[in-house]
Amino acid sequence: LETGSNSGNLLTPAEEDSWNLILDNPEAADPDQGPAHSILIDMECLAMLNRLPDAVESLTGDLQNQLNQILTRTTHQLIESGKYPQGDKRLLTQLFSAVVSQLNRVVDAYRLASKAGQRAVTRHKADSARLDLAEVWSKVQAVIQILLTDYLDFKSSSTLGSINVQQQNNNTFSEPTADINSYFVRRKTARPKRSSLFRFDSSSTALSMNDFMRENNEETGGVEEKLLVCDANPHNITLIFNQLIAFIQQIEKALKCPVGSHCTLYAFLMDYIKDVFLGQIHVDISNSLNSASQSLDAWKSVTDSELLRNLKVSRPLLQSTVNVWKSIQELGEMMVTLPLYSTHFLTIMCNVLMQYKEICGAAYRGLVQPDTEDKRIISAQWAKD
């Protein structure tokens, strides 16, 4: 899980120069020199046996499952390492870095295999088979999308979108209705349960079959609950956004995307931020302003000396002011972590300050101009008369 300076490549530039020289003389390849030499030997042997097309088909067919297993194994290893307790947000940053490092090595291995395979096919005049690196990058992006879906809580989009629907439903009568047709449906007679004479649960065949089914469930994302290093939260995007953008730039450079077009992972990320994350930010800010105007403690003074020292103020502040300031600070941090949306966050900050100014102005007028309030009270009018 330790990511080194050359963690994304199987060979250093100097080692790859030597590896390129061995392409013309595969007998000089030494498997003890690392996986790159083993890949060269494997492709040479497959070309000699004229089985390269079958091998390529098998590799590409099982690639997605193998990439998904990288995410699963890395998650288990990070939790078992015990460096941070499960649930610590720092584990997510480590998980993303470790997974990206391993995915880069997989892509580099396919690049070397494609290069060695083409040379071996030419040398032995065997059936050609092409390893499509664009397809490999596509499946790598699918793994990252799975990771983001697990940790960014996409359920918030449906929750935010259904708030108005729930409010409308609450205003209508929800009287339960009985389905009369159910009383006239012909009921199936229950067959007597047959008990088996012998049980083979503990036999070697059953045990091996259970192991196979368990592994198959893990590979295909079966009914078992997925293990996560921390809870899903829309704000988790701020922890890995810069790393994610750097990886997206690497993908687009490898795919040679033209100017103005982006890879599918970029579109996936932008849609999430626009549809889910920014909506969650608006909900959080709205809740903060509501608490600032409606909470019973909103207009109480904060006299905690340590808090006032941290805020670098000498006079007591209102509790609502402290809450709004914390929201402003969070938006300022997001401007740094998500620089692509800094203008949007700045606009939200200005709107928050303007709304809080109006809230404070209305509260002040209610204190210094009580006449407008007294007009609503009949007894006050009688007292004036």
Side-chain angles (χ1 to χ4, degrees), residues 4 6-74 99-146 208 211-212 215-216 218-220 247 250-258 261 263-265:
N6 193 43
S7 58
N9 298 318
L10 296 177
L11 297 173
T12 63
E15 291 173 346
E16 186 161 354
D17 292 338
S18 302
W19 187 84
N20 288 328
L21 296 176
I22 301 176
L23 281 177
D24 295 327
N25 185 21
E27 294 181 358
D30 182 6
D32 295 334
Q33 296 297 322
H37 285 251
S38 299
I39 290 172
L40 194 154
I41 296 172
D42 292 339
M43 303 307 286
E44 184 71 16
C45 295
L46 289 169
M48 293 175 65
L49 297 171
N50 201 19
R51 299 299 301 272
L52 198 56
D54 297 336
V56 170
E57 182 181 357
S58 177
L59 283 172
T60 55
D62 195 45
L63 177 59
Q64 192 65 67
N65 288 335
Q66 295 296 329
L67 294 178
N68 292 340
Q69 283 299 306
I70 289 177
L71 176 59
T72 303
R73 287 195 301 266
T74 306
V99 169
V100 166
S101 174
Q102 295 174 78
L103 294 178
N104 278 328
R105 292 175 68 87
V106 170
V107 174
D108 197 49
Y110 270 78
R111 179 183 66 85
L112 297 178
S114 176
K115 201 171 184 179
Q118 292 175 4
R119 192 69 63 90
V121 166
T122 304
R123 184 182 303 111
H124 298 285
K125 298 181 181 180
D127 295 338
S128 62
R130 179 171 172 267
L131 283 170
D132 189 2
L133 290 181
E135 183 181 356
V136 176
W137 277 117
S138 175
K139 294 181 178 180
V140 165
Q141 294 178 74
V143 175
I144 298 299
Q145 290 182 18
I146 292 174
S208 59
D211 293 338
F212 170 77
E215 293 177 0
N216 192 30
E218 292 177 356
E219 291 179 358
T220 58
F247 187 52
Q250 178 186 349
I251 294 174
E252 294 179 349
K253 182 179 179 180
L255 296 177
K256 298 179 181 179
C257 295
S261 63
C263 62
T264 56
L265 183 58

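In this text the structure is predicted, and so the values were computed from the model without any measurement.
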Within the distance-only criterion (no hydrogens, no angle test), does the side chain of [X] pair as donor or acceptor with the backbone N or O of [Y] below 3.5 angstrom?
{"X": "Trp19", "Y": "Ala36", "value": "yes"}
{"X": "Gln141", "Y": "Leu265", "value": "yes"}
{"X": "Asp127", "Y": "Leu52", "value": "no"}

Using 0.5 Å steps for rounding, measure from the [atom1] atom of [X] to the [atom2] atom of [Y].
{"X": "Arg123", "Y": "Asp24", "atom1": "CZ", "atom2": "CG", "answer": "6.5 Å"}
{"X": "Ser138", "Y": "Leu255", "atom1": "OG", "atom2": "CG", "answer": "9.0 Å"}
{"X": "Ile144", "Y": "Ile251", "atom1": "CD1", "atom2": "CD1", "answer": "7.0 Å"}
{"X": "Met43", "Y": "Ser114", "atom1": "CE", "atom2": "OG", "answer": "7.5 Å"}
{"X": "Leu59", "Y": "Leu131", "atom1": "CG", "atom2": "CG", "answer": "6.5 Å"}

Taking atom CZ as the centre, does Arg51 end up with more than 12 heavy-atom neighbours from other residues, nucleotides or ligands that are less than 6.0 angstrom away? no

Flag for Gln250-Asn104: side-chain donor and acceptor within less than 3.5 Å: yes

Just checking, any donor-acceptor pair under 3.5 angstrom between side chains of Glu135 and Thr60?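 No, no side-chain donor-acceptor pair sits under 3.5 Å.
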
SB check Arg105 Asp108 (cutoff 4.0 Å): no

